[in-house]
Amino acid sequence: KPLYFETGQGTLGNRRPLLCIAARHYDYNHLEMTMSESNLATVRRLYGFIAEDNFEEANKMMAEDVVFSESMDLPYGGEYHGIEGLENLMGRIAAKAKLSVARVDYLSEAESADPVVVHVVARYVSHATGEEVLADVVELVSVRDGRIAAIDIYCKNPSVIAALWR
């Protein structure tokens, strides 16, 4: 009998079976990467690690040449390459604000979607003032050979986030 996981925040009835390999069941957030894992499952696993603050495992999912692209309208905008680039990006954000994920919705339904479209509600809390900002973000996550190859990040209202940097 397959195991199930719930999709979305607190939703019921939106259940999908866990991936079963060689008749063994795995906790969805801790699946080993396999050639048969879909792009959507790979991205769900990535955001599962992020939700758990398990960045060590999340980083292992990145391709060596992964590219993160942020809007130039943001104080930390630009392209960041590889894990070193990701650490630079996160360091620039962490210098001014605490960043966390308030909600994740997977907009792509096809298991083979490329890129996988993810809606994220990001929470920024200014270190200087304690002001909290929620930002709607759409992320286009490209998967190559079971690894995250690129994440293009589009913020609905970058000026709200930029205001925290003033």
Side-chain angles (χ1 to χ4, degrees), residues 7-11 28-31 33 37-166:
T7 59
Q9 293 283 329
T11 60
Y28 186 78
N29 288 327
H30 299 93
L31 286 173
M33 266 186 267
E37 184 176 52
S38 72
N39 291 348
L40 182 56
T42 298
V43 172
R44 285 181 181 275
R45 191 160 50 90
L46 171 68
Y47 285 91
F49 288 136
I50 292 169
E52 296 172 350
D53 289 333
N54 189 344
F55 300 106
E56 182 178 332
E57 289 301 316
N59 286 351
K60 289 178 185 177
M61 296 185 66
M62 304 298 161
E64 188 174 309
D65 60 346
V66 65
V67 177
F68 299 88
S69 300
E70 288 275 9
S71 169
M72 292 306 293
D73 294 330
L74 291 167
Y76 49 85
E79 274 196 2
Y80 298 85
H81 298 266
I83 295 299
E84 185 176 297
L86 174 60
E87 290 170 352
N88 181 18
L89 168 62
M90 298 312 292
R92 290 184 70 189
I93 294 170
K96 294 288 186 172
K98 179 176 178 8
L99 172 63
S100 61
V101 175
R103 192 175 90 215
V104 176
D105 299 306
Y106 302 92
L107 304 180
S108 296
E109 292 183 9
E111 294 293 321
S112 62
D114 190 31
V116 175
V117 181
V118 182
H119 171 246
V120 175
V121 177
R123 177 181 291 115
Y124 294 79
V125 180
S126 169
H127 295 314
T129 65
E131 180 183 0
E132 179 179 298
V133 171
L134 294 177
D136 282 306
V137 178
V138 171
E139 298 185 356
L140 306 179
V141 184
S142 297
V143 178
R144 181 182 68 238
D145 299 327
R147 300 228 180 252
I148 306 302
I151 302 181
D152 291 319
I153 305 160
Y154 298 91
C155 182
K156 182 176 181 179
N157 192 352
S159 63
V160 171
I161 296 169
L164 294 178
W165 266 248
R166 294 187 191 122

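Predicted model only: the values in this text are computed from it and were never measured.
Without hydrogens or angle criteria, H119 side chain to R103 main chain gives no donor-acceptor distance under 3.5 Å. Side chain of R92 to backbone of P75: a donor-acceptor contact under 3.5 angstrom is found. At distances below 3.5 Å, at least one donor-acceptor pair connects side-chain atoms of R147 with backbone N or O atoms of K60. In terms of modelled atom types and a separation under 3.5 Å, the side chain of S69 and the main chain of E79 share no donor-acceptor contact.
Partner of Y80 under the side chain to side chain contact (heavy atoms under 4.5 Å, CB included) criterion, chosen from V67, I151, N88: N88.
In this structure, Y47 and V120 have side chains that are in contact, with non-hydrogen atoms separated by less than 4.5 Å. Within the 4.5 Å cutoff, no side-chain heavy atoms of Y124 are placed close to those of V160. Residues E131 and L164 meet the side-chain proximity criterion, which asks for heavy atoms closer than 4.5 Å. By the 4.5 Å heavy-atom criterion applied to side chains, S142 and D114 are counted as neighbours. Contact check for V121 versus D136: side-chain heavy atoms found under the 4.5 Å cut-off. In this structure, the side chains of K156 and V138 stay at 4.5 Å or more apart for every pair of heavy atoms. Taking the side chain as every heavy atom from C-beta outward, I148 and V143 approach each other to under 4.5 Å. Using a 4.5 Å heavy-atom cutoff, the side chains of I50 and F55 are in contact.
Between W165 and Y76, the ring-plane angle classifies as tilted under the 30° and 60° cut-offs.
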